S.K.: 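Mind looking over this structure? Questions follow.
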Number of protein chains: 2
Amino acid sequence: MSKSQLDLTPTESLACCSPLTREPLSAESATRIAPLLKALADPVRLRLLSMVASHVDGEACVCDLNDAFDLSQPTISHHLKQLHEAGLLHREKRGVWVYYRLQTEALRDLSALLGGVAETR
Amino acid sequence: MSKSQLDLTPTESLACCSPLTREPLSAESATRIAPLLKALADPVRLRLLSMVASHVDGEACVCDLNDAFDLSQPTISHHLKQLHEAGLLHREKRGVWVYYRLQTEALRDLSALLGGVAETR
DNA sequence: CCCGGACATCGACATCTGTCAATATTGATC
DNA sequence: GATCAATATTGACAGATGTCGATGTCCGGG
């Protein structure tokens, strides 16, 4: 089954959008972008993303992340899943461990959307 | 009553923060920033903000905004309130009308936080 | 001073979200 | 293959969120 325009992930469809302040966002764009922001709009997930992104080698094992919070392991797993499904974190299983890594384009595109910074090729 | 550090709006306290990907965000910073993102993380509010920001003269009257949506007037009012309380929109009443205007620093700071773009003074 | 229009607030409701304890799954090791 | 450790999934529940209709507030004009 090939990938039609309707199946584009939020991240994929973001690159083509004008900055928020340039012209009114279409309803469709807003609907595609909002989930990305929603994934980011939680203190725990913000910290998780930041911890992963700033970790050595650019990746972090779940075991590293669990201990940084006073939350149960399933809760952290749940938040990581949301970040992953939003397209913000890449996930890789190696042995018993799972490593997460920042999906850098996603964050870069989001920043461009908000800040109006043009292409940084 | 003077303004202590604890009363800083999310926007005010944002300027001092390192980009997300530089170092792990502190729990306190995350707690202050998340509400900003949460205010943005809704399709209707995204469009509202974008419409206000891209409107002529940089401001828009609520009456202009209401018609762009298939939502009740109270609902739009509710969303505008959230954007205002998050520090993303400035509000001014002139006569019978209320005008909203983008709080540009808020969006710029958010973009910098996500994108790691340094100061753009 | 009363009326009408612009906007906000209130109360209610269904849905979504964050959290946990319990349980399942998967892979390494003995 | 039995067991253990790392992570995910499930089910439950309290609290937050988006929406509406009804109502309140404020202002300008007759």
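Fair warning: this is a prediction, and the values are worked out from it, not measured in the lab.
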S.K.: Calculate the interatomic distance between L71(B) atom CG and dG18(D) atom P; express it in whole Å.
M.R.: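 About 12 Å, once rounded to whole Å.
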
S.K.: Compare all side-chain heavy atoms of T104(B) with those of T21(A) and state whether any distance is below 4.5 angstrom.
M.R.: no

S.K.: Respond yes when some side-chain nitrogen or oxygen of R45(B) is under 4.0 Å from OP1 or OP2 of dG18(D), and no when none is.
M.R.: yes

S.K.: Starting at CG of L83(A) and ending at P of dT17(C), how long is that distance when rounded to a whole Å?
M.R.: 14 Å

S.K.: So, using side-chain contact (heavy atoms from CB on, under 4.5 Å) as the criterion, who are the partners of H55(A) when residues are at least two apart?
M.R.: A60(A), D64(A)

S.K.: Under the rule for side-chain contact (heavy atoms from CB on, under 4.5 Å), what residues qualify as partners of S26(B), not counting sequence neighbours?
M.R.: E28(B), S29(B)

S.K.: Within the 4.5 Å heavy-atom criterion, are I33(B) and L110(B) side-chain neighbours or not?
M.R.: yes

S.K.: Nearest whole angstrom, please: distance from the P of dG21(D) to the CG of D70(B).
M.R.: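 These atoms are roughly 12 Å apart.
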
S.K.: Mind checking side-chain contact (heavy atoms from CB on, under 4.5 Å) for T75(A) and listing every partner two or more places apart, or none if nothing turns up?
M.R.: L71(A), S72(A), H79(A)

S.K.: To the nearest 0.5 Å, what is the distance between CG on L88(A) and CG on L80(A)?
M.R.: 11.5 Å

S.K.: Considering only residues two or more places apart or on different chains, which pairs with a residue in residues 93-102 of chain A satisfy salt bridge (Lys or Arg N to Asp or Glu O under 4.0 Å)?
M.R.: E59(A)-R94(A), E59(A)-R101(A), E92(A)-R94(A)

S.K.: L46(B) has an atom CG; how far is it from atom C1' of dG18(D), in whole Å?
M.R.: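 Nearest whole value for this atom pair: 15 Å.
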
S.K.: Please check this pair: side chain of S54(A) against backbone of L20(B), looking for a donor-acceptor N/O pair closer than 3.5 Å.
M.R.: no

S.K.: Going by the rule side-chain hydrogen bond (donor to acceptor under 3.5 Å, both in side chains), which residues pair with H78(A) if we only count those two or more places apart in sequence or in a different chain?
M.R.: Q82(A)

S.K.: Any residue in residues 47-57 of chain B with a heavy atom nearer than 4.0 angstrom to DNA chain C? Just list them by number, or reply none.
M.R.: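 The stretch gives none, as no residue of it lies under 4.0 Å from the strand.
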
S.K.: Through what angle, rounded to 10 degrees, does the axis of the helix from dC1(C)-dG30(D) to dC30(C)-dG1(D) turn between its ends, using five pairs per end?
M.R.: 10°

S.K.: Going 5' to 3' along nucleotides 2-13 of chain D, which nucleotides have protein heavy atoms under 4.0 Å from the base (write B), which only from the sugar-phosphate (write S), and which from neither (write -)?
M.R.: ----SBBB----

S.K.: Among the candidates dT19(C), dG18(D), dT19(D), find the nucleotide nearest to the side-chain atoms of H79(B).
M.R.: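 Nearest to the side chain of H79(B) among the choices is dT19(D).
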
S.K.: When the distance from CG of D42(B) to P of dC16(C) is rounded to whole Å, what number comes out?
M.R.: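 My rounded result for the distance is 13 Å.
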
S.K.: Looking only at side-chain N and O atoms, does Q82(B) come under 4.0 Å of OP1 or OP2 in dT17(D)?
M.R.: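 No, Q82(B) has no side-chain N/O under 4.0 Å of OP1/OP2 on dT17(D).
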
S.K.: Can you list everything that forms a side-chain contact (heavy atoms from CB on, under 4.5 Å) with A34(A)? Sequence neighbours excluded, please.
M.R.: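 Counting only residues at least two positions away or on another chain, A34(A) forms a side-chain contact (heavy atoms from CB on, under 4.5 Å) with P43(B), L46(B).
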
S.K.: Among residues two or more places apart or on two chains, list those pairs meeting salt bridge (Lys or Arg N to Asp or Glu O under 4.0 Å) that have a residue in residues 35-56 of chain A.
M.R.: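 As it turns out, there is no salt bridge (Lys or Arg N to Asp or Glu O under 4.0 Å) pair with a partner in residues 35-56 of chain A once direct neighbours are skipped.
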
